[in-house]
Amino acid sequence: EFKNFENSKNIYIIINESYPNFKDDEIKNKLYSALTSNLNHINIFKFKKDWNKNYSTQGSEMELFCDKKGSFKDFKKNLDYFLSKNNCWINTFYDRHNIFIHSSDKDNFFRSRYFNQQPSFFKESFFKQDLLELDYTTCNKNHHYIGICENQIIDKLLFDLKEINKKKLIIYLTVENHIPVRIKNEFDTFCNNYILKLHPQFCTLFNNQITFNKDLNKFIKKLDSGDLLVFFSDPPPLYSMRDRIHFDDQIDVFFFKKN
């Protein structure tokens with residue numbers, strides 16, 4: 001699908017950690033509405049795809065960079081070597097001003113390897129450590145993966161990077177909904193759907209995503225003419241099989257193209 005959009009002006013790709021893609025229509029529609037409401041002059045394309053059951057989020061990234069080509073062993077070593085060896089499709093964008101953003105630590109799953117040689121596919125990176133130095137703040141205290149507040153990245157960082165006067169490819173990987181999420185009891189009144197009451201984390205997972213989708217919707221409205229934003233999840237939340245039955249086992253991929 002990406003190959004149909006290679007001529008886009010600026011490209012923003014957002015990989016959403018553990019998108020709670022509930023099967024329940026009421027919940028699904030609320031999440032969809034928060035993401036897509038009032039997007040005038042934006043073409044929306046929606047696809048479904050399987051997810052990499054061997055390597056989870058890292059598998060999502062590997063497939064984004066190189067579709068189904070290459071070995072995970074090479075991917076773990078060095079991104080630029082991997083991209084060159086496998087003649088990956090994303091090399092089409094090598095000469096853009098490519099930026100990688102992750103709200104968590106660069107050492108998580110050794111993502112620092114994305115920048116271990118020069119010249120590199122990515123020209124800039126922003127991890128938690130970098131953003132803290134720029135006065136961004138962390139959310140999800142007491143969470144196993146403490147990251148920069150995702151709303152700050154969407155509301156400030158993406159808008160700041162948008163102003164860079166170069167043709168850009170920006171890839172942004174979230175962490176906020178990485179389970180186990182820290183339960184936020186203030187959301188309880190919003191969780192009237194019986195599915196959201198079946199697990200103590202479901203309500204928080206849903207409300208975190210509603211908030212994120214609304215923030216992302218505001219950014220999509222500000223895309224420039226010719227810009228493309230791609231939004232997709234990595235695997236469904238990795239709960240037990242008993243709890244996973246409430247989630248779609250395929251992931252949704254959204255393409256938002258500004259006329």
Side-chain angles (χ1 to χ4, degrees), residues 13-39 44 46-51 53 56-57 60 101-104 137-155 158 172-221 229-256:
I13 301 176
I14 299 178
I15 307 173
N16 193 113
E17 174 64 48
S18 302
Y19 189 93
N21 195 8
F22 287 95
K23 292 178 181 177
D24 181 88
D25 286 339
E26 180 187 19
I27 304 173
K28 186 186 291 289
N29 290 337
K30 285 183 178 179
L31 290 168
Y32 182 76
S33 177
L35 179 66
T36 62
S37 64
N38 299 316
L39 292 180
I44 304 174
K46 181 180 176 182
F47 306 91
K48 280 192 175 292
K49 70 182 292 290
D50 293 325
W51 55 279
K53 292 179 170 59
S56 190
T57 305
S60 295
I101 304 167
H102 185 30
S103 44
S104 190
T137 56
T138 57
C139 289
N140 285 356
K141 303 295 189 296
N142 303 319
H143 189 293
H144 183 65
Y145 296 100
I146 297 175
I148 299 297
C149 303
E150 309 293 356
N151 68 303
Q152 294 179 20
I153 293 177
I154 296 178
D155 295 345
L158 288 186
Y172 164 30
L173 171 63
T174 75
V175 78
E176 183 174 27
N177 262 356
H178 198 301
I179 65 164
V181 293
R182 181 176 66 87
I183 296 170
K184 300 176 183 177
N185 292 321
E186 66 266 27
F187 289 147
D188 285 351
T189 55
F190 294 95
C191 292
N192 296 321
N193 184 292
Y194 80 99
I195 295 290
L196 298 178
K197 297 177 181 179
L198 294 177
H199 188 287
Q201 294 186 22
F202 281 6
C203 179
T204 297
L205 200 67
F206 167 74
N207 279 282
N208 283 349
Q209 197 64 57
I210 281 281
T211 300
F212 185 89
N213 285 9
K214 287 179 178 178
D215 288 336
L216 184 57
N217 174 270
K218 294 174 187 175
F219 181 76
I220 294 171
K221 289 174 180 173
L229 187 141
V230 183
F231 179 55
F232 70 96
S233 56
D234 68 347
L238 297 178
Y239 292 115
S240 67
M241 290 303 295
R242 182 189 67 183
D243 294 319
R244 281 275 296 283
I245 63 171
H246 300 294
F247 300 92
D248 192 338
D249 198 42
Q250 286 190 306
I251 63 174
D252 290 325
V253 183
F254 297 92
F255 288 70
F256 300 91

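Within the 4.5 Å cutoff, the side chain of Q209 has heavy atoms near those of the N16 side chain. Using a 4.5 Å heavy-atom threshold, the side chains of F231 and I220 count as separate. Side-chain contact between I153 and F219 is absent, with no heavy atoms from C-beta onward closer than 4.5 Å. With contacts defined as side-chain heavy-atom distances shorter than 4.5 Å, the pair I101/L158 qualifies. Side-chain contact between L229 and L216 is present, with at least one heavy-atom pair separated by less than 4.5 Å. Two residues are said to be in side-chain contact when any heavy atoms from C-beta on lie closer than 4.5 Å; K28 and D248 meet this criterion.
The CZ atom of F255 lies 13.5 Å from the NZ atom of K46; values are rounded to the nearest 0.5 Å. In this structure, F206 CZ and D24 CG are separated by 9.5 Å, a value rounded to the nearest 0.5 Å. Separation of atoms NE2 (H178) and CG (L205) is listed at 12.0 Å; rounding is to 0.5 Å. Taking CG from N213 and OG1 from T36, the interatomic distance works out to 9.0 Å, rounded to the nearest 0.5 Å. Distance check, rounded to the nearest 0.5 Å: CG of N38 to OG of S33 gives 8.5 Å. To the nearest 0.5 angstrom, F247 atom CZ is 9.0 Å from I195 atom CD1.
Taking each heavy atom of K48 and D252 in turn, the nearest pair found is NZ-OD1, 2.8 Å. Residues R244 and Y239 share a closest heavy-atom pair of CG-O, 3.3 Å. The shortest heavy-atom contact between N217 and L39 is ND2-CD2, 3.6 Å. The shortest heavy-atom contact between V175 and E17 is CA-CB, 4.1 Å. What you find for A34 and S37 is that their closest heavy atoms are O-OG, 4.4 Å. In this structure, I245 and K23 approach most closely via the heavy-atom pair O-NZ, 3.0 Å.
By the 30° and 60° cut-offs, the orientation of the rings of H246 relative to F202 is perpendicular. Note on ring orientation: taking the six-membered ring where Trp is involved, the planes of F254 and Y32 are tilted (angle from 30° to 60°).
For the side chain to side chain donor-acceptor pair (under 3.5 Å) test, residues two or more places apart in sequence or in another chain that qualify with S103 are E150. Shown here are the salt bridge (charged side-chain N to carboxylate O under 4.0 Å, His left out) partners of D155, two or more places apart in sequence or in another chain: there are none.
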- Task: Start with the C-alpha gap between C191 and N207, add the side-chain angles, then the distance that decides, and say whether side-chain contact (heavy atoms from CB on, under 4.5 Å) holds.
- Result: CA-CA 9 Å; C191 292; N207 279 282; 3.4 Å; yes
- Message: Under the criterion side-chain contact (heavy atoms from CB on, under 4.5 Å), I'd like the reasoning laid out for D243 against Q201: C-alpha separation, chi angles, the key distance, then a yes or no.
- Response: CA-CA 11 Å; D243 294 319; Q201 294 186 22; over 6 Å; no
- Task: Given side-chain contact (heavy atoms from CB on, under 4.5 Å), test L35 with F256 step by step and report yes or no.
- Result: CA-CA 11 Å; L35 179 66; F256 300 91; 3.8 Å; yes
- Between T174 and I15, is a side-chain contact (heavy atoms from CB on, under 4.5 Å) present by the stated rule, with each step listed? CA-CA 6 Å; T174 75; I15 307 173; over 6 Å; no
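The 12-atom threshold is not exceeded at NZ of K214, counting heavy atoms of other residues, nucleotides or ligands nearer than 6.0 Å.
Taking the six-membered ring where the residue is Trp, the centroids of F47 and F232 are separated by 6.0 Å or more.
For the residue pair N177 and N208, a side-chain donor N or O sits within less than 3.5 Å of a side-chain acceptor on the partner.
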